[in-house]
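Only a predicted model underlies this, so the values are computations on that prediction, with no experimental measurement involved. Here is the naming used below: chain letters follow the sequence lines, and residue numbers restart at 1 for every chain.
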Number of protein chains: 2
Amino acid sequence: MSGAHPIVAPIGAEPAPVSQTRDGNSSSRIAELIRDAILRGEYRPGARIRQEDVAQRFGASRVPVREALRTLEADGLVTLVANAGAWVSQLSPAECDEVYQTRERVEPLLLRYAMPGIDAATLDRLDELVQEMRQTDDVEEFLRLDRQFHLGSYASARTTVLGDLVHRLWNTTQHYRRAFTLLLDEHSARVVHDEHHMLVTALRDGDGTGAESVLAGHIRRTRLGLSRHPEVFDLTD
Amino acid sequence: MSGAHPIVAPIGAEPAPVSQTRDGNSSSRIAELIRDAILRGEYRPGARIRQEDVAQRFGASRVPVREALRTLEADGLVTLVANAGAWVSQLSPAECDEVYQTRERVEPLLLRYAMPGIDAATLDRLDELVQEMRQTDDVEEFLRLDRQFHLGSYASARTTVLGDLVHRLWNTTQHYRRAFTLLLDEHSARVVHDEHHMLVTALRDGDGTGAESVLAGHIRRTRLGLSRHPEVFDLTD
DNA sequence: ACTCGCCAAATTGCATGCAATCTGCCATGA
DNA sequence: TCATGGCAGATTGCATGCAATTTGGCGAGT
């Protein structure tokens, strides 16, 4: 995520490079591959990541792997300890709560940035996603759709730092969303779907304040739900 | 900043390493040195950073320098372009506005986290800083005191991600705060000082909501001030 | 049975060197 | 005069190899 939107196209004292992020970069590629593996749940929180393993797996030497791990550390997905190694980051209940409180304040802002760019086609697509979420029973499928729904609602925001920040917050809490989704009873699930629907309705009505408020409440509800299920953080791997 | 508070002490499937961040790490050390140089203004926005130069300057090879640059890229202080090089990041007016809007929402939250830990001694120290800011005429001194004041008011917050996030936001806007401070007329400066004083008063009264609101307004005022001075972003290096 | 200290294997940290790519300048031609 | 192509120097990207540190188990001692 980070690096996807460079803070600025470098224009400097010295001639600016062409801004074509070729990304033929081995370390960027590896960072993305490890990130995906973590988000998919292939690497689980607390699991150790050995440089040599990753290097061999992706056909590179340990140097670009180390750079990728630095990137992921800053993303909050990996915890590095000098001379000891790298582990997939874990969140304590308090830390997860912190991330959700941050999301509660920041995502409505990002949504506001996105609103001018949300057209009818986007709204229809969001409605579709709400329906698909209502119909699926598969946790992984739900997670994928939920992510598509929310990040999709932000997609038209022409931001640089804020979009990246929200992506990071989503990534660091991905595991706990997965565990929490498993615990959703039918009533809670219905509330979630209704809130999604209310969000789309507010967006369709051009009600920015309403949309912000629905979204904040939605995140808040999830945060409170998580705080009632500390067992989500027991990683009996 | 990032890495100072690992998301969590790694406790995992495999034996957990001792959490003593020895930081004898060459790349961490170099990241910090470059970060300081950027914040001091020694490297200016848009300036190119050559790996070999940094390596020689700090007595290391290019490998740890590259890792440090990756860290700083994720911090938003450096922009990397594959096969071309590293530049000190620049913010466009729109991006800076974005960062300030984010701060406006996030810093009051961090302040709320900090409040329970703010004792009388801290409040006295904050008052002292307000006085010192009133008295100084030196821009660098003011910047230093202002940073101490605000980050100091957050210091007792026992957070992990939120504290780091705020530090990052402060760092990426440091150059523009410096340029903006130069433009402050006497009236605006007085308003700033008064707001600082109001913040301490609210904190002393245990008025959390008031403190949050003063802080949000303070950041907002600065943001609007910046938007009236686009020349701050002309980097005639 | 339990603790402590030590040693070999495993792993990380980094310097070196070479290949790939880009930058900036100069020659060539319109 | 200006645009274009291409080459040499400079710079980045990465594989290799070695030194430093940690890990985990074994044995001595209590």
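Atoms CZ (B:Arg66) and P (C:dG13) sit 16 Å apart, rounded to a whole Å. A:Leu80 has its CG atom 16 Å from the C1' atom of D:dT22, to the nearest Å. The distance between atom CG of A:Asp53 and atom P of C:dT12, rounded to the nearest whole Å, is 8 Å. As rounded to whole Å, 8 Å separates atom P of C:dT12 from atom CD of A:Glu52. In this structure, the CG atom of B:Asn83 is 18 Å from the P atom of D:dA10, given to the nearest Å. One atom, CZ of B:Phe58, and another, P of C:dC14, lie 15 Å apart when rounded to the nearest Å.
For A:Ser61, the side-chain atoms get nearest to D:dT16 when compared with the rest of D:dT16, C:dG13, D:dT11. Here the nucleotide nearest the side chain of A:Asn25, chosen from D:dT21, C:dC14, D:dG13, is D:dG13. Side-chain proximity of B:Ser26 to the nucleotides D:dT12, C:dT12, C:dC14 is greatest for C:dC14. Here the nucleotide nearest the side chain of B:Ala84, chosen from C:dT11, C:dT23, D:dG13, is C:dT23. Closest to the side chain of A:Pro64, out of D:dA15, C:dG13, C:dC14, is D:dA15.
Nearest-nucleotide positions on DNA chain D for B:Arg70 and A:Val63 put B:Arg70 closer to the 5' end. Closest-nucleotide positions on DNA chain C for B:Arg62 and B:Glu67 were compared, and the one nearer the 5' end corresponds to B:Glu67.
To the nearest 0.5 Å, the span separating CG on A:Leu129 from OG on A:Ser153 amounts to 10.0 Å.
A donor-acceptor pair is defined here as one N or O able to donate and one able to accept, closer than 3.5 Å; such a pair exists between the side chain of B:Gln174 and the backbone of B:Leu39.
Residue B:Gln51 has a polar side-chain atom (N or O) positioned under 4.0 Å from OP1 or OP2 of D:dG13.
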### Task
Take B:Thr122 and B:Asp119 through the test side-chain contact (heavy atoms from CB on, under 4.5 Å) and record every step on the way to the result.
CA-CA 5 Å; B:Thr122 309; B:Asp119 55 16; 2.5 Å; yes
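Residue B:Glu140 places its CD atom among more than 12 non-hydrogen atoms of other residues, nucleotides or ligands, all under 6.0 Å distant.
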